[in-house]
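Have a look at the structure below before the remarks.
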Amino acid sequence: MSDVPRPVNPDSGNPRPVNPDAARPQAVKPRPTRARDWIPDQPGAWVMALAPALAGLVAGGPTRDSVWLVVLWALCYCVQFVAARWLKSRFARRYRMPVAVYGVALAVLGVPFVVINPGILRWAPIYIVLAALSFLAAWLRRERSLWGNAVAVFASSMMATVVASYGTRNPLHMMMPSTAVMISAVFAATQFGSVLFVKTMIRERGSRAYLVASIAWHAALFAGVTWWIGSFVPAGGVGDGWIPMPLMWAELAAIWLLARAVALPWVGSRRRVKPIVAGVTEMVSTLLVFVAALAVTAA
């Protein structure tokens, strides 16, 4: 007879049989694919990803190919979104279908574009490196790191130049039209500032180092824009007392960006500010930069 004591029923005090399956770990069923696994759920991220490409579309003059490129870029963003989460989750089953569907859609729409416009392959080396770095960040679960964010900012900002190069204002398909390069530089500078600002509101809230970096970055942007505007003003000042409206948009954008980089973290240090507030603020910031960049380049 075994010396191992049998469990006792706490109600009757009598021994009760042991269920041999009770101690076995239960298999965890994989979570099914949901809508949020397909579509990026951050409206601010959508705006930041697509705004440079749309600015390039407007600045370059819409054509069949430039509109096509914007659609392809939106698909690339969706592919990156689901593939990054697939890698981060170590190939979770719920991301397989989104990766497959978006990948096939990108191939179906992208291959004909490459056949018709083989010159687009000039950009392939840059974007292959950027994609590799983005997926590496996802695999290391560092996609929210400063360098991971910088990769995303550079990739989206460069799309202003890529899209504009296929516009009506660039009939020779120059790889880097000067106006589009300026728009890309504006978005790169402002969106990296947005990265610093959002970190001061969420992941690095309370970090003095990030707060100083964010304010310093935006102060430098404001100083640079003000100096640049001043270079267009005659030595005697503005004749009618006003800065020309296209330049005024740039100055207003710089003032807004610096003001929100200072004010919202100050508010956040005294009361809880929901992440949605930072997201909506950056949507407004990106739209203001969008208008300012187009106004200045069109002047």
- [ ] Tell me, with the steps shown, if Phe91 and Trp139 meet ring-ring contact (aromatic ring centres under 6.0 Å, His included).
- [x] CA-CA 10 Å; Phe91 310 112; Trp139 179 259; 5.7 Å; yes
TODO: Quick one: do Thr226 and Glu251 satisfy side chain to side chain donor-acceptor pair (under 3.5 Å)? Show the steps, please.
DONE: CA-CA 7 Å; Thr226 303; Glu251 188 74 357; 3.1 Å; yes
- [ ] Give the intermediate values and the outcome of side-chain contact (heavy atoms from CB on, under 4.5 Å) for residues Asn149 and Lys199.
- [x] CA-CA 11 Å; Asn149 290 143; Lys199 286 187 181 298; 3.3 Å; yes
TODO: Start with the C-alpha distance between Val162 and Ile120, add both sets of side-chain angles, then the distance that settles side-chain contact (heavy atoms from CB on, under 4.5 Å), and finish with yes or no.
DONE: CA-CA 8 Å; Val162 178; Ile120 194 66; 3.8 Å; yes
Task: Full working for side-chain contact (heavy atoms from CB on, under 4.5 Å) between Leu196 and Tyr210 - done: CA-CA 7 Å; Leu196 294 174; Tyr210 269 94; 4.3 Å; yes
Open item on the list: Could you walk me through whether Ile229 and Val225 satisfy the side-chain contact (heavy atoms from CB on, under 4.5 Å) test, starting with their C-alpha distance in whole Å, then the side-chain angles of each, then the deciding distance to 0.1 Å, before giving a yes or no?
Closed with: CA-CA 6 Å; Ile229 291 175; Val225 169; 3.9 Å; yes
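A continuous path of ILVMFWY side-chain contacts below 4.5 Å connects Phe290 to Val67, so both sit in one hydrophobic cluster. Residues Val186 and Ile255 do not share a hydrophobic cluster, defined by chaining ILVMFWY side chains whose heavy atoms lie under 4.5 Å apart. If you chain together hydrophobic residues whose side chains sit under 4.5 Å apart, Met48 and Trp73 never meet in one group. Both Val114 and Met158 are part of a single hydrophobic cluster, where members link through side-chain heavy atoms under 4.5 Å apart. Taking hydrophobic clusters as Ile, Leu, Val, Met, Phe, Trp and Tyr residues chained together by side-chain heavy-atom distances below 4.5 Å, Leu50 shares a cluster with Val163.
No more than 12 heavy atoms of other residues, nucleotides or ligands sit less than 6.0 Å from atom CH2 of Trp249. Shown here is Phe113, whose CZ atom has more than 12 heavy atoms of other residues, nucleotides or ligands within 6.0 Å. Other residues, nucleotides and ligands place no more than 12 heavy atoms under 6.0 Å from the CZ atom of Arg208. Taking a 6.0 Å sphere around CZ of Arg141, one finds it holds more than 12 heavy atoms contributed by other residues, nucleotides or ligands.
The shortest heavy-atom contact between Val289 and Thr190 is CG1-OG1, 3.7 Å. Across all their heavy atoms, Met176 and Thr161 have their closest contact at CA-CG2, 3.9 Å. The two residues Ala53 and Val70 make their nearest non-hydrogen contact at O-CG2, 4.0 Å. Between Ser156 and Pro52, the closest heavy-atom pair is O-CB, 3.1 Å. Considering every non-hydrogen atom in both Ala253 and Leu288, the closest pair reads CA-CD2, 3.6 Å. In terms of heavy-atom proximity, Leu57 sits nearest to Ser66 at CD1-OG, 3.2 Å.
Here the straight-line distance linking atom CG of Leu69 with atom CG of Asn117 works out to 7.5 Å at 0.5 Å rounding. Separation of atoms CZ (Phe192) and NE2 (His218) is listed at 10.0 Å; rounding is to 0.5 Å. Thr179 OG1 to Arg169 CZ: the interatomic distance, rounded to the nearest 0.5 Å, is 9.0 Å. From Leu257, atom CG reaches atom CG of Leu221 across 7.0 Å, with rounding to the nearest 0.5 Å. For the atom pair Leu109 CG and Leu75 CG, the distance stands at 6.0 Å (nearest 0.5 Å). Arg271 contributes atom CZ, which lies 8.5 Å from atom CH2 of Trp266 (distance to the nearest 0.5 angstrom).
Contact check for Leu146 versus Glu204: no side-chain heavy atoms found under the 4.5 Å cut-off. Contact check for Leu133 versus Phe154: no side-chain heavy atoms found under the 4.5 Å cut-off. Within the 4.5 Å cutoff, side-chain heavy atoms of Arg142 are placed close to those of Trp147. You'll find the side chain of Ser194 reaches within 4.5 Å of the side chain of Arg260, heavy atoms only. Contact annotation: the side chain of Phe81 never approaches that of Trp38 to less than 4.5 Å [non-hydrogen atoms, C-beta and beyond]. Looking at Phe197 and Pro265, their side chains come closer than 4.5 Å, going by heavy atoms from C-beta outward. A 4.5 Å side-chain heavy-atom check between Trp256 and Leu252 finds every atom pair outside the cut-off. Considering only heavy atoms from C-beta on, Ser157 comes within 4.5 Å of Gln191 through its side chain.
Using a distance-only test at 3.5 Å, with no hydrogens or angles considered, no donor-acceptor pair links the side chain of Trp228 to the main chain of Leu247. Here the side chain of Thr63 pairs a donor or acceptor atom with the backbone of Tyr166 at under 3.5 angstrom. Of the possible polar contacts, none joining the Arg85 side chain to the Tyr95 backbone as a donor-acceptor pair under 3.5 Å is found.
For Tyr77 and Trp46, the gap between ring centers is short of 6.0 Å.
Taking the ring centre of Trp86 as origin, the terminal cationic atom of Arg93 falls outside the region bounded by 6.0 Å and 45° from the ring axis.
Between the side chains of Ser214 and Thr200, no donor-acceptor pair is found at a separation under 3.5 Å.
Ring geometry for Trp123 versus Tyr127: interplanar angle over 60°, hence perpendicular rather than tilted (30 to 60°).
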